[in-house]
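Worksheet: the structure to be examined is printed underneath.
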Amino acid sequence: MSDTVKFLLPEDRVPRHWYNIAADLPEPLAPVLHPGTGQPIGPDDLAPLFPMALIGQEVSAEREIEIPEPVRDVYRMWRPSPLHRARRLEAALDTPARIYYKYEGVSPAGSHKPNTSVAQAFYNAEEGTKRLSTETGAGQWGSALAMAGSLFGLEVDVYMVKVSFEQKPYRRALMETFGARCVASPSEETESGRQILAQDPQSTGSLGIAISEAVEVAAQNDDTKYSLGSVLNHVLIHQSVIGLEALEQMEMAGDYPDIAIGCAGGGSNFAGCVFPFLGRKLRGGEDIRVIATEPAACPTLTRGTYAYDFGDTAHLTPLVKMFTLGSTFVPSGIHAGGLRYHGMAPMVSHLLDLGLIEAAAFQQLDCFAAGVQFARTEGIVPAPESTHAVKAAVDEALKCKEEGVGRAILLNLSGHGHFDMQAYTDYFAGTLVDEAYDEATLTKAMDGLPGVAAE
Ligand SMILES: *Cc1c(COP(=O)(O)O)cnc(C)c1O
């Protein structure tokens, strides 16, 4: 039998609707609160930051949301993305498990992020927005939004976490090629940035700081809206195209996952891949184990607190109930830049709290080892973030071997690592280390949690 096994859908099978798991929840999400009044916020509070169409999706309880035809048309540039059976990896692990991976690295930006950036750019352009401001960690989100902005005629300003701005010049070049302006954060351009620099001129930045800068610019300019690449409900909804396609492709394979795995930074690729499967389970369908994986150096789901917190460092955002390490937490400079956020999507947090999903944390050296094994067997170099999903899948496959059980494992390979080769270079040179988990830093950041009485 051939070792190359992939499941491809024709172009006209790009989904026509996104899936919204809010329709299938056993209990609704906790409300988002106004930072000043502590009261639930309404659409008007969000209007300075987001177009109405996205605000509507943010609070929607509709199960299916129609994908506008211009968005589907851009999706067709790379969607439906392929689903592969990882036969060569299975053989190397000598496991009875059947490992499948959905590959999102085929998009123009090399990750799943254009699934939402294209939709966000479309709705903003339709409502007359001229400019989008955003933050980026490792640069994947900035390049995805820059690409989408160029397709829909929007200016894009990207506040890029300074440590990545310096470590990843090619990501910056990619954003600039798509026509975006890229600024190292903390910057002198905003009040939030200037405050941080006054306290710590050497600050290497964090996603929380960069979000403050981007939100501030949008709040102060009528023609500018803010765009977020993860965490929010509307982002998770857009990413559902991953799992909706995977459902069809698993059917083509004549199989169904016993376990579904995704890495989680803000939670969007994880949710995008697994929620359509979880939704089926919630509606009385097939059972499935779902695992969100994260770095041990930024263990939001496994060691964070479920509480109301701010999304950013300067406390400009509304309060959302989520697993958090505290909005002032600045994680160590691990290479999985996309997994360094202090918070987690409220929807993913809620499902963990309800016991409907599991979470696991891994050290970066173990993840790179799994990533290298994946590259040498499957021929794709995973993004450092994606190696956290690969590692969990390898562990589950080895467990199958021990137990002599052949389970089907689906993992979302959220992106390729072609812009992250310095991380692999450091791994091979032996200069990468497992960051010791800094309990003192975490405790300090937790002290800053806002005192909201959560019922
Ligand atoms: C941004 C990114 C992530 C983390 O973001 P999520 O919202 O948790 O998906 C993971 N993998 C890749 C390749 C990314 O670019």
Side-chain angles (χ1 to χ4, degrees), residues 81 101-117 120 134-147 158 160-161 164 168 171 174-175 207 210-211 227-243 260-275 291-295 298-301 311 322-323 331 334-349 351-352 357 359 361-362 364 367 371 374 380-392 411-420 423:
S81 69
Y101 60 97
K102 179 74 168 159
Y103 184 41
E104 289 295 308
V106 293
S107 83
S111 76
H112 64 289
K113 292 205 169 72
N115 296 333
T116 185
S117 71
Q120 293 190 41
T134 196
E135 73 291 331
T136 197
Q140 289 107 324
W141 171 243
S143 41
L145 192 68
M147 182 207 85
V158 182
M160 185 172 187
V161 177
S164 299
K168 310 213 163 181
R171 276 281 171 198
L174 184 60
M175 288 180 242
L207 270 181
I211 292 173
S227 180
L228 188 61
S230 187
V231 177
L232 298 177
N233 298 335
H234 67 263
V235 178
L236 273 50
I237 288 170
H238 300 156
Q239 292 296 349
S240 66
V241 288
I242 303 171
I261 300 169
C263 65
S268 75
N269 88 84
F270 164 76
C273 181
V274 309
F275 280 7
I291 309 171
T293 64
E294 64 183 8
C298 189
T300 314
L301 289 169
M322 60 181 176
F323 276 89
I334 53 163
H335 269 291
L339 303 183
R340 296 176 71 223
Y341 185 55
H342 70 271
M344 184 58 63
M347 195 64 87
V348 172
S349 300
L351 289 165
L352 181 66
I357 63 171
F362 298 99
Q364 68 173 348
C367 292
F374 190 88
I380 296 172
V381 180
E385 292 83 359
S386 315
T387 63
H388 291 73
V390 174
K391 166 66 180 158
L411 79 108
N412 191 42
L413 200 69
S414 53
H416 67 64
H418 297 178
F419 288 95
D420 307 291

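Atoms within a ligand are numbered from 1 in the order they appear, just like the ligands themselves. By convention here, the first residue in the shown sequence is residue 1.
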Anything under 30° is parallel, anything over 60° is perpendicular, the rest tilted; go ahead and classify H416 against F419.
parallel
Taking Q120 for the side chain and L228 for the main chain, is one N or O donor matched with an acceptor at less than 3.5 Å?
yes
For ligand 1, which is the ligand I care about here, please tell me if S414 has any N or O atom under 3.5 Å from one of the ligand's N or O atoms.
yes
About how many Å separate CD of E135 and OG of S230, when rounded to the nearest 0.5 Å?
9.5 Å
With side-chain hydrogen bond (donor to acceptor under 3.5 Å, both in side chains) as the criterion, how do H388 and T293 come out once you've worked through the C-alpha distance, each side chain's angles and the decisive distance to 0.1 Å?
CA-CA 6 Å; H388 291 73; T293 64; over 6 Å; no
Looking at E385, which atoms of ligand 1 are within less than 4.0 Å of one of its heavy atoms?
10 (C), 11 (N), 12 (C)
Identify, by atom number and element, the atoms of ligand 1 in contact range of G415, meaning under 4.0 Å from any of its heavy atoms.
13 (C)
Is there a side-chain contact between N412 and F270 (heavy atoms, below 4.5 Å)?
no
To the nearest 0.1 Å, how far is atom 4 (C) of ligand 1 from its closest protein heavy atom, and which atom is that?
G338 O, 3.3 Å
Side-chain contact test, heavy atoms from C-beta onward, threshold under 4.5 Å: evaluate it for M147 versus L174 and give yes or no.
no
Atoms in ligand 1 flagged as close to S230, the criterion being non-hydrogen separation under 4.0 Å
6 (P), 7 (O)
Contact (N/O only, under 3.5 Å) between G265 and ligand 1:
yes
Pairs of nitrogen or oxygen atoms closer than 3.5 Å, one from A264 and one from ligand 1: do any exist?
no
Determine whether any heavy atom of H112 lies closer than 4.0 Å to an atom of ligand 1.
yes
Would you say E385 and N269 make side-chain contact, with heavy atoms under 4.5 Å?
no
Quick one: look up the protein heavy atom nearest atom 14 (C) of ligand 1 and list residue, atom name and how far away it is.
K113 NZ, 2.8 Å
